[in-house]
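Only a predicted model underlies this, so the values are computations on that prediction, with no experimental measurement involved.
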Amino acid sequence: MNSIIGPLMGNIDPEIIASAMPFLWDGLWTSFCLLLLAMTGGIALGATLAVMRIAGSRPVAAFATAYVNGLRSVPLIMVIFWFYLLIPLATGRPIGAFTSALVAFTIFEAAYYSEIIRAGIQSVSRQQLAAAAASGLRPLQAYRFVILPQAFRKMTPILLSQSIALFQDTSLVYVVGLHDFMTAVSVTANREGHLVAFYLFATAVYFALCFTASQSVQLLKRTMVSR
């Protein structure tokens with residue numbers, strides 16, 4: 001074991017990593033921007049799909065179901081390639097790696113957010129809807145003031161957990177050349193010739209961020225259950 005750890009630790013030079021931090025930080029900031037925008041768009045589109053499946057007519061529900069099942073049946077990396085190659089082909093102009101990645105992540109993640117939101121709404125007892133109607137609330141008012149607040153409380157930890165997975169998946173955008181955190185690490189590691197040091201550093205950053213977020217979600221879940 002020492003024969004492995006010794007050379008491994010000797011390869012790590014904190015000064016080289018520190019000198020590359022501005023470039024790495026730019027990549028990490030791009031990853032965060034992609035996460036926040038794709039999460040916001042994905043939840044909005046996912047909520048629309050969930051309502052279409054629950055309250056829409058049969059053709060509308062069938063369309064939403066086909067969308068969700070279709071996107072959940074293909075690898076994310078293929079969806080990234082589709083939009084990176086097909087959007088410029090359809091529009092006649094390149095739209096850039098960030099825009100194509102954002103569209104791909106939003107559309108792909110919406111399928112997963114939709115299932116979470118649909119399950120959250122359906123977990124609320126239908127008697128709550130009947131009670132709201134008996135109180136004089138119209139269906140939209142019943143969903144707004146009675147159903148959705150309860151459903152949102154139940155689905156929030158799961159939505160956040162899915163968003164943590166989304167952050168990890170943003171590392172896939174290296175395939176279209178976007179300057180995200182993983183691409184910045186890869187470029188710097190090859191330039192400096194310290195592959196082990198930079199990939200260990202990237203692993204530590206991803207672990208620290210995702211583990212902290214995961215523990216926060218668990219704490220939020222326990223807090224909600226105890227109320």
Looking only at heavy atoms, which two atoms of Pro157 and Val217 are closest? And how far apart? O-CG1, 3.4 Å
Rounded to the nearest 0.5 Å, what separates atom CZ in Arg118 from atom CD1 in Ile54? 7.0 Å
Pairwise ring pair (Phe, Tyr, Trp, His ring centres under 6.0 Å) hits with a residue in residues 77-134, at least two apart: Phe108-Tyr112
Across all chains, not counting sequence neighbours, the ring pair (Phe, Tyr, Trp, His ring centres under 6.0 Å) partners of Phe211 are Phe207
Quick one: does Gln162's side chain have a donor or acceptor within less than 3.5 Å of a partner on Leu159's backbone? no
Under the ring pair (Phe, Tyr, Trp, His ring centres under 6.0 Å) definition, can you give me all pairs with a residue in residues 27-48, not counting sequence neighbours? Phe32-Phe167
CG-CD distance between Leu35 and Glu109, expressed to the nearest 0.5 angstrom: 9.5 Å
Taking all heavy atoms of Met52 and all of Ala64, pick out the closest pair and write down the distance. CB-CB, 3.9 Å
Check for a donor-acceptor pair, side chain of Ser19 on one end and backbone N or O of Ile16 on the other, with a separation under 3.5 Å. yes
Give me each pair satisfying side-chain hydrogen bond (donor to acceptor under 3.5 Å, both in side chains) with a member in residues 61-79, each pair once, sequence neighbours excluded. Arg53-Thr65
Going only through I, L, V, M, F, W and Y residues with side-chain contacts under 4.5 Å, is there a path from Val74 to Val173? yes
Grab the two heavy atoms, one from Ile95 and one from Pro88, that are nearest each other, plus how far apart they are. N-CG, 4.5 Å
Heavy-atom closest pair (Ala197 atom, Ile17 atom, distance to 0.1 Å) is O-CD1, 4.0 Å
Nearest-0.5 Å distance, CG of residue Leu76 to CG of residue Leu71: 9.5 Å
Please report, to 0.1 Å, the donor-acceptor pairs under 3.5 Å made by any side chain of residues 186-193, with sequence neighbours excluded.
unit_1: Ser186; atom_1: OG; unit_2: Tyr199; atom_2: OH; d: 3.3
unit_1: Thr188; atom_1: OG1; unit_2: Ala184; atom_2: O; d: 2.6
unit_1: Asn190; atom_1: ND2; unit_2: Ser186; atom_2: O; d: 2.7

Does anything in residues 167-183 form a side-chain hydrogen bond (donor to acceptor under 3.5 Å, both in side chains)? List the pairs, not counting sequence neighbours. Asp180-Thr183
Can you get from Leu219 to Ile164 by hopping between Ile, Leu, Val, Met, Phe, Trp and Tyr side chains that sit under 4.5 Å apart? no
Looking at every non-hydrogen atom in both residues, tell me the closest pair between Ala151 and Gly120 and how far apart they are. CB-O, 3.3 Å
Short question: side chain of Ser31, backbone of Phe181 - any donor-acceptor pair under 3.5 Å? yes
Hey, are the side chains of Thr212 and Gln215 touching, using non-hydrogen atoms and a 4.5 Å cut-off? no
Between Thr106 and Gly42 the two heavy atoms that sit nearest each other are CG2-N, 3.6 Å
Between CG on residue Leu34 and CE on residue Met39, distance to nearest 0.5 Å: 11.5 Å
What residues, two or more places apart in sequence or in another chain, satisfy side chain to side chain contact (heavy atoms under 4.5 Å, CB included) together with Gln128? Val124, Ser125, Val146, Ile147, Gln150
As an exercise, state the distance from CD1 of Ile117 to CG of Leu49, rounded to the nearest 0.5 Å. 9.0 Å
Set of side chain to side chain contact (heavy atoms under 4.5 Å, CB included) partners for Pro75, sequence neighbours left out: Ile77, Met78
Rounded to the nearest 0.5 Å, the CG atom of Leu28 sits from the CE atom of Met21 at a distance of 8.0 Å
Quick one: do Phe23 and Phe201 end up in the same hydrophobic cluster if we chain Ile, Leu, Val, Met, Phe, Trp and Tyr together by side-chain heavy atoms under 4.5 Å apart? no
